[in-house]
Amino acid sequence: MMMDRIIIRKILPEEYNLMEDIMYEAIYHPDPKNPYPKNVIYLPQVRVYWDNWGKGKNDHCLMAVVDDKIAGAVWIRTFQGEIKGCGYIDAQTPEIAIALFEEYRGKGIGTQMMEQMIVLMKSEGYHQVSLSITKGNPAIRLYERLGFQTIDENDEDYIMLLYLT
């Protein structure tokens with residue numbers, strides 16, 4: 001696929017409703033022939049990443065637009081409530097998530113989005129950012145290239161942290 005223009009910009013309020021679909025794309029499906037059902041995004045531990053998007057002062061999202069089509073998004077959110085993200089460190093550390101629709105994967109767009117989000121986080125005064133990633137997810141290489149380090153793990157996931165200062 002030939003890509004003429006890649007624009008990475010802040011999400012527009014009229015696009016907040018896209019966060020549900022983008023969240024589903026962010027979920028790693030270890031068996032692509034047997035993907036998770038779409039309703040997995042409504043589980044409380046997943047819903048916390050996208051529900052009521054834009055209402056929190058620490059909600060930041062960048063969209064990748066390729067040839068006037070949404071290709072994906074990268075977003076951060078801090079968690080204050082009872083339900084936390086899977087990569088939760090503390091209330092000051094945002095957790096980052098990224099998603100690209102399948103046809104845009106493997107083209108460097110994710111790297112561009114992450115680099116721009118890192119610049120945004122630094123400008124917002126964040127000191128670090130965390131994420132949770134399923135073991136076996138090839139995106140681990142992207143995070144390691146960007147400087148994320150594994151700080152914890154369980155049977156299924158790694159918790160990774162990037163120091164911004």
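This is a predicted model, so every value here is computed, not measured.
- Between Ser130 and Ile89 the shortest heavy-atom distance is CB-CG1, 3.4 Å.
- With contacts defined as side-chain heavy-atom distances shorter than 4.5 Å, the pair Arg77/Asn58 does not qualify.
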For side-chain contact (heavy atoms from CB on, under 4.5 Å), just list the numbers for Tyr158 and Ile140, CA-CA rounded to whole Å, side-chain angles, deciding distance to a tenth of an Å, and then say yes or no.
CA-CA 9 Å; Tyr158 294 114; Ile140 290 171; 3.8 Å; yes

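- A donor-acceptor contact closer than 3.5 angstrom is absent between the side chains of Asp51 and Tyr42.
- Counting heavy atoms of neighbouring residues, nucleotides and ligands inside a 6.0 Å radius, atom NZ of Lys10 does not exceed 12 of them.
- Shortest non-hydrogen contact noted between Gly72 and Phe101 is N-CD1, 4.2 Å.
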Please walk me through it: do Glu20 and Arg47 pass salt bridge (Lys or Arg N to Asp or Glu O under 4.0 Å)? CA-CA 9 Å; Glu20 287 182 58; Arg47 188 179 194 126; over 6 Å; no

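- Scanning both residues, Met113 and Leu62, for their nearest heavy atoms gives O-CD1, 4.3 Å.
- When every heavy atom of Trp53 is checked against every heavy atom of Ile76, the shortest pair comes out as CH2-O, 3.4 Å.
- Side-chain atoms of Pro35 and Tyr24, non-hydrogen and from C-beta on, do get closer than 4.5 Å to each other.
- A donor and an acceptor atom, one from each side chain of Asp90 and Thr93, are located under 3.5 Å apart.
- Asn154 places a side-chain N or O within 3.5 Å of a backbone atom of Asp157 that can act as its donor or acceptor partner.
- Counting only N and O atoms by type, the side chains of Tyr49 and Glu95 include a donor and acceptor under 3.5 Å apart.
- Residues Arg105 and Glu25 are paired through a salt bridge, judged by an N-O separation under 4.0 Å between the basic side chain and the carboxylate.
- Note: Met160 CE to Ile151 CD1 = 9.5 Å, rounded to the nearest 0.5 Å.
- Summarising the local packing, CD of Glu14 is surrounded by more than 12 heavy atoms from other residues, nucleotides or ligands at distances under 6.0 Å.
- Ring orientation note: the planes of Tyr36 and His29 are tilted relative to one another, at an angle of 30° to 60°.
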Decide salt bridge (Lys or Arg N to Asp or Glu O under 4.0 Å) for Lys135 and Asp155; before the verdict, give the C-alpha distance in whole Å, the side-chain angles of both, and the deciding distance to 0.1 Å. CA-CA 8 Å; Lys135 291 179 177 179; Asp155 290 343; 5.9 Å; no

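- For the residue pair Gly87 and Ser132, the shortest heavy atom distance occurs at N-CB, 3.6 Å.
- Here CD1 of Ile118 is found 5.5 Å from CE of Met114. Values are rounded to the nearest 0.5 Å.
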Check against side-chain contact (heavy atoms from CB on, under 4.5 Å), Gln149 and Leu161 = CA-CA 5 Å; Gln149 300 168 356; Leu161 190 68; 5.7 Å; no

### Query
Given the rule in the side-chain contact (heavy atoms from CB on, under 4.5 Å) test, do Tyr143 and Ile133 qualify, once you have shown the distances and angles that lead to the verdict?
CA-CA 10 Å; Tyr143 302 132; Ile133 186 164; 3.3 Å; yes

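- Interatomic distance, CG of Asp152 versus CD1 of Ile159, reported as 6.0 Å (0.5 Å rounding).
- The pair Arg9-Glu15 meets the salt-bridge criterion, with a side-chain N (NZ, NE, NH1 or NH2) lying under 4.0 Å from an Asp/Glu carboxylate O.
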Discussion item. Determine whether Ile41 and Asp21 satisfy the following criterion, side-chain contact (heavy atoms from CB on, under 4.5 Å), listing intermediate values before the conclusion.
Written reply: CA-CA 9 Å; Ile41 66 168; Asp21 291 334; over 6 Å; no

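- Listed here is the closest heavy atom pair of Ile22 and Ala99: O-CB, 3.3 Å.
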